[in-house]
Protein chains: 2
Amino acid sequence: MISFEHFIPNDQSPIYQQIILYIKQGIAAGQIRDGDEMPSRRVLSALLGVNPNTVQKSYKLLEEEHLIASTPGAKSCVTVDDAKKAAIRADLLGTHVKAVVQAMQQMGATKEEAISILETLWEENL
Amino acid sequence: MISFEHFIPNDQSPIYQQIILYIKQGIAAGQIRDGDEMPSRRVLSALLGVNPNTVQKSYKLLEEEHLIASTPGAKSCVTVDDAKKAAIRADLLGTHVKAVVQAMQQMGATKEEAISILETLWEENL
DNA sequence: CGAACTGTATCACTGGTATAATACAGTTAA
DNA sequence: TTAACTGTATTATACCAGTGATACAGTTCG
């Protein structure tokens with residue numbers, strides 16, 4: 001059973017997207033593996049204190065990306081292989097960093113300054 | 001007069017927030033300076049192809065942050081000093097990079113990997 | 001079997017975003 | 001002066017994302 005104990009919700013983005021991101025990051029980190037059981041919609045919604053439909057939306061989108069498989073009546077399971085894992089990792093890293101790079105370049109930061117800030121914040125968050 | 005020729009709208013975030021971000025990034029980069037004239041609400045709305053009320057919302061919020069000053073009948077002007085500029089720069093850089101650092105750490109990336117990706121994407125976007 | 005779970009679907013409500021159409025008052029410049 | 005601009009305010013409308021509440025059908029297991 002996948003744990004959500006490290007899930008920290010924020011109100012900057014929709015909850016259903018945060019759930020998706022949490023799963024993807026778990027897969028990319030190797031903490032979530034193929035065959036792992038997802039919590040049921042109702043259980044997770046109670047755990048996070050949100051509506052079951054919100055969780056359902058996350059699961060539906062994850063299923064459309066073929067990252068989980070659901071059969072009516074049974075629990076949903078994660079379905080990933082090394083290729084999917086690598087793709088997710090590249091996607092998450094790419095999109096995140098690319099947005100930051102564009103923002104920093106537009107405000108006139110140098111590459112050295114960017115690396116310096118990254119290193120500083122990296123240590124702080126450990 | 002502040003130019004919006006490099007403004008590239010996207011549908012990921014509200015337009016009024018994109019306008020605010022564009023101004024802030026311009027200030028942080030030093031391209032937009034104290035006393036610079038903002039385009040009128042009507043002119044900018046026509047330029048961007050959006051409703052005047054959307055632009056008005058941006059300007060109102062910028063004024064609440066004391067980044068522009070408006071007097072009825074006259075054009076709105078940018079009101080910044082070195083302290084405000086530094087604060088904006090730190091805020092934009094901090095929030096952006098912090099989000100990336102958290103995401104990358106959660107998916108098990110190393111600091112060296114993060115720097116490597118940053119350098120690669122930095123060159124690509126030049 | 002039957003109770004308790006599971007996934008799934010449908011409807012309604014809310015808030016934020018964007019648009020639209022005006023209206024009014026102050027400033028600017030020909 | 002006066003016409004054309006400026007900022008500001010109001011009201012109404014439409015749309016969509018997010019959430020809430022409920023119902024139904026299939027699976028699991030004591």
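Computed from heavy atoms alone, side chains included, the values below leave out hydrogens, waters and symmetry copies. Naming: A, B, ... by sequence-line order, numbering from 1 per chain.
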Note to self: Could you tell me if the side chain of B:Asp34 sits less than 4.5 Å from the side chain of B:Asp81, heavy atoms only?
What the structure shows: no

Within residues 40-53 of chain A, the residues having a heavy atom closer than 4.0 Å to DNA chain D are A:Arg42, A:Val50, A:Asn51, A:Asn53

To the nearest angstrom, the CD1-C1' distance between A:Ile15 and D:dG20 comes to 12 Å

Q | A:Lys60 atom NZ: more than 12 heavy-atom contacts under 6.0 Å | A | no

note: B:Ile20, atom CD1; C:dA18, atom P; distance rounded to Å ~ 10 Å

Rounded to whole Å, CD of B:Gln56 lies from P of C:dA20 at a distance of 17 Å

note: A:Met38, atom CE; C:dC5, atom P; distance rounded to Å ~ 19 Å

Would B:Val43 end up clustered with B:Phe7 when hydrophobic side chains under 4.5 Å apart are linked, directly or stepwise? no

| Looking at side-chain heavy atoms only, is the closest gap between A:Gln31 and A:His6 below 4.5 Å? | no

note: B:Glu64, atom CD; D:dT8, atom C1'; distance rounded to Å ~ 14 Å

Item to complete: Tell me yes or no: between the side chains of A:Arg41 and A:Ser76, is some donor less than 3.5 Å from an acceptor?
Response: yes

*Phosphate contact (D:dT19 OP1 or OP2) by A:Thr54 side-chain N/O below 4.0 Å*: yes

With a 3.5 Å cut-off and sequence neighbours excluded, list the donor-acceptor pairs that the side chains of residues 16-25 of chain B form with protein atoms.
unit_1: B:Gln18; atom_1: OE1; unit_2: B:Asn10; atom_2: N; d: 2.9
unit_1: B:Gln18; atom_1: NE2; unit_2: B:Asn10; atom_2: O; d: 2.4
unit_1: B:Gln18; atom_1: NE2; unit_2: B:Asn10; atom_2: OD1; d: 3.3
unit_1: B:Gln18; atom_1: NE2; unit_2: B:Ser13; atom_2: O; d: 2.6
unit_1: B:Tyr22; atom_1: OH; unit_2: B:Ser3; atom_2: O; d: 3.1
unit_1: B:Lys24; atom_1: NZ; unit_2: B:Glu65; atom_2: OE1; d: 3.2
unit_1: B:Lys24; atom_1: NZ; unit_2: B:Glu65; atom_2: OE2; d: 3.2

B:Lys57 NZ to D:dT10 P, in whole Å, measures 15 Å

Contact check, residues 65-80 of chain A vs DNA chain C, heavy-atom distance under 4.0 Å, returns A:Ser70, A:Thr71, A:Pro72, A:Gly73, A:Ala74, A:Lys75, A:Ser76

**Prompt:** Counting only side-chain N and O atoms of B:Tyr16, is one of them less than 4.0 Å from OP1 or OP2 of C:dA18?
**Reply:** no

Open item on the list: Can you confirm whether B:Glu113 sits close enough to A:Leu93 that some side-chain heavy atom of one is under 4.5 Å from a side-chain heavy atom of the other?
Closed with: yes

Rounded to whole Å, the CE-P distance (B:Met1 to C:dT28) equals 14 Å

Q.
I'd like to check B:Lys98 versus B:Thr95 (side-chain heavy atoms, cut-off strictly below 4.5 Å). Are they in contact?
A. no

> Considering only heavy atoms from C-beta outward, does the side chain of B:His96 approach that of A:Val100 to under 4.5 Å?
Replying inline: yes

Separation of C:dT6 atom P from A:Glu37 atom CD, nearest Å, is 10 Å

